[in-house]
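Each remark here refers to the structure printed beneath this line.
Hydrogens, waters and symmetry mates play no part in the numbers below; they use all other heavy atoms, side chains included. In listed order, ligands and their atoms are each counted from 1.
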Amino acid sequence: MIRVRFAPSPTGFLHIGNVRTALFNYLFVKNNGGKFILRIEDTDKERSKKEYINQIYDDLKWLGITWDEGPDSEGEYGPYLQSERFALYISIARKLMTEGKAYYCYCTEEELELRRKAQLAEGQSTRYDNYCRNLTLEKIQQFEREGRQPSIRFKMPDGQLTVKDIIRGDVEFDASLIGDFIIIRPDGKATFHLAVCVDDGMMKISHVIRGEDHFSNTPRHVAIFEACGFQVPQFAHIPLTMGPGGEPLSKRFGAMSITEYRRMGYLPYALCNYMALLGWSSGTDEEIFSFDELQKKFSLKRVSRSAAIFDRTKMDWVGGEHIRRLSDSDYVKLSMQHILQEKIVDKAVFTIRPEWYEKVLLIFKEYIHCFDELKERLQLFSDEIEFDTIEPLKGENAKLILSELAKILKQTEKLDEDNFDKVLKELKKRVKVKGKELFLPLRIALTGKEHGPELKQLVILLGKNNCLKRIEQAVRVVDTKEDKGDGTQTV
Ligand code: GLU
């Protein structure tokens with residue numbers, strides 16, 4: 001039976017880098033059948049916080065990553081919070097001691113440090129020199145009398161250790177180069193190495209899919225699994241996600257919390273789609289997948305061995321593609337929810353004309369990558385607009401276009417689907433200008449921007465009076481700038 005686990009340490013919010021590990025585990029298990037276990041590795045009391053644990057539950061659920069066993073849905077291998085499993089670790093460590101596979105180590109931090117320095121001075125790699133492996137009874141009694149609190153060290157076996165990794169293949173390690181390592185600290189707490197192996201072993205984890213940063217720990221883990229008599233799981237170490245310059249993910253590049261992306265209104269399955277592409281490819285040119293498709297297509301065999309580079313532009317592209325795939329009614333529902341929740345539009349204002357908002361929101365469906373971008377887009381409909389440039393408004397033609405349009409609009413009852421074309425035809429006739437020379441000044445005067453949704457849609461939604469106000473604003477701005485001899489500026 002395939003059993004995988006995601007084992008986050010609740011010392012911070014989930015971000016793209018660590019949630020991707022959860023996603024790969026989830027997709028693997030959905031693709032192959034089996035169980036997904038959520039285990040919270042909260043052994044670091046100082047840094048672990050309840051608030052982070054709750055956020056992990058929320059973020060995973062929001063992404064659609066659900067678990068079969070975990071702290072809030074106990075299964076037969078619980079508890080699933082490491083802080084509730086301390087006694088178990090101690091009993092396994094004692095068993096290892098009884099079997100001669102672990103021993104008390106009395107070395108103090110200072111002594112260890114001195115010996116490390118000596119190793120460095122001799123150009124050796126630093127590792128524990130197994131000093132306490134074979135202490136005489138007298139030495140032990142002496143240390144006890146001195147009141148030293150021992151830790152428990154695991155005896156690394158001699159010889160070669162093979163780590164079988166689905167992504168990296170078989171990798172050989174010389175176990176003797178690793179040195180015996182601590183499994184229980186002097187304060188009685190288990191270290192990560194012991195806790196993770198006891199848990200994986202007792203929870204019958206068949207596949208350990210985790211970040212490559214743990215790869216160097218794996219020979220230690222294989223040795224512990226074997227010493228405890230647990231089945232050694234299959235490993236798959238997934239390459240890390242890096243920033244664009246190859247640096248570790250930082251707040252600037254992708255390490256923004258999932259909660260933050262969620263607040264920004266990215267679609268959860270768009271994020272899953274993008275995260276899957278960080279290291280995995282379908283083997284075709286296709287890159288946009290629904291969550292269901294990902295589950296059907298995912299395979300660890302197609303996970304690359306090189307680091308994945310976080311690319312926000314690509315993430316936005318994936319986000320936008322998923323928005324485009326929404327039905328219009330789902331899009332309207334979700335975007336309305338977002339603008340109200342984030343107070344981009346005041347509820348009272350919205351309630352006066354929801355149908356108008358519906359139309360307005362729809363014209364941006366083609367352009368946005370996440371719903372928060374509607375904030376900027378909706379500024380097109382605010383009372384005063386900002387001009388990205390006024391250059392195209394300066395020539396004589398532009399002035400003529402604006403003044404003639406104002407005249408025509410004043411004589412028009414209202415602007416709608418039908419008479420917009422008439423207005424335009426009349427304008428062309430009067431100013432004898434067409435193409436870009438006509439449309440660019442119009443677009444800038446009416447929206448402040450050089451690009452954007454189709455002008456006709458915008459103008460109709462703005463309505464006659466707003467269009468007139470904008471023409472006035474544009475003329476005023478150009479006149480002011482020309483008087484001062486300024487270049488382009490925003491108002
Ligand atoms: N708690 C570890 C971490 O967050 C995960 C350990 C593992 O996956 O084996 O890095």
Side-chain angles (χ1 to χ4, degrees), residues 2-29 35-53 55-57 59-60 65 67 69-71 77 79-86 88-89 92 154 163-168 171 181 183 189-225 228 230-242 248-249 255 257-258 275 279 300 303 307:
I2 289 182
R3 290 175 58 84
V4 301
R5 70 352 180 236
F6 175 52
S9 307
T11 53
F13 293 114
L14 291 180
H15 54 79
I16 295 265
N18 48 25
V19 173
R20 189 184 58 134
T21 305
L23 177 70
F24 281 24
N25 273 284
Y26 183 80
L27 295 178
F28 175 74
V29 98
K35 296 256 186 268
F36 179 91
I37 287 104
L38 174 65
R39 182 173 75 226
I40 302 291
E41 303 208 323
D42 56 344
T43 43
D44 184 341
K45 270 283 141 236
E46 257 98 79
R47 292 172 59 222
S48 299
K49 292 211 175 82
K50 184 90 187 101
E51 146 195 27
Y52 294 139
I53 299 183
Q55 200 60 53
I56 290 171
Y57 299 157
D59 286 347
L60 289 177
I65 300 177
W67 49 97
E69 294 166 34
Y77 300 99
Y80 295 89
L81 282 174
Q82 281 191 335
S83 56
E84 294 172 8
R85 299 172 65 84
F86 283 137
L88 207 62
Y89 307 139
I92 299 265
F154 179 77
V163 172
K164 293 181 187 305
D165 192 281
I166 298 173
I167 296 167
R168 304 178 131 224
V171 183
F181 57 92
I183 51 176
K189 297 268 163 60
T191 58
F192 161 69
H193 298 307
L194 181 68
V196 83
C197 296
V198 169
D199 290 351
D200 285 343
M202 300 193 80
M203 292 178 182
K204 301 226 174 346
I205 299 303
S206 64
H207 292 73
V208 169
I209 304 168
R210 62 183 173 190
E212 204 177 51
D213 46 338
H214 286 295
F215 188 69
S216 58
N217 293 325
T218 313
R220 290 182 181 84
H221 296 179
V222 171
I224 299 182
F225 282 121
C228 295
F230 296 134
Q231 174 80 35
V232 182
Q234 290 202 50
F235 291 97
H237 285 91
I238 52 182
L240 300 184
T241 310
M242 309 296 221
L249 269 201
S257 67
I258 294 298
M275 285 191 286
L300 282 176
V303 172

Closest approach of any protein heavy atom to atom 5 (C) of ligand 1, naming residue and atom: Ala7 O, 3.3 Å
Looking only at heavy atoms, which two atoms of Ile37 and Arg3 are closest? And how far apart? CD1-NH2, 3.4 Å
Would you find a donor on one side and an acceptor on the other, under 3.5 Å apart, between the side chain of Asp200 and the backbone of Ile205? no
Could you tell me if any non-hydrogen atom of Phe192 lies under 4.0 Å from any atom of ligand 1? yes
Whether the Tyr89 and Asp199 side chains hold a donor-acceptor pair (N or O, under 3.5 Å, no angle test) is what I'd like checked. yes
How far is atom 10 (O) of ligand 1 from its nearest protein heavy atom, and which residue and atom name does that atom have? His214 NE2, 2.9 Å
Minimum non-hydrogen distance to atom 7 (C) of ligand 1, winning option of Gln82, Arg5, His237, Glu41: Arg5
Please confirm whether the backbone N or O of Pro79 pairs with a side-chain atom of Arg85, one donor and one acceptor, at under 3.5 Å? yes
Only heavy atoms of Val196, strictly under 4.0 Å: list the atoms of ligand 1 that pass. 9 (O)
Which residue and non-hydrogen atom of the protein lie closest to atom 4 (O) of ligand 1, and at what distance in Å? Ser9 OG, 3.3 Å
Test of proximity, Val208 against ligand 1: N or O pairs below 3.5 Å: no
For residues Ser216 and Asp213, report the shortest heavy-atom separation together with the two atoms involved. OG-O, 4.2 Å
Under 3.5 Å donor-acceptor, Asp165 side chain and His237 backbone: yes
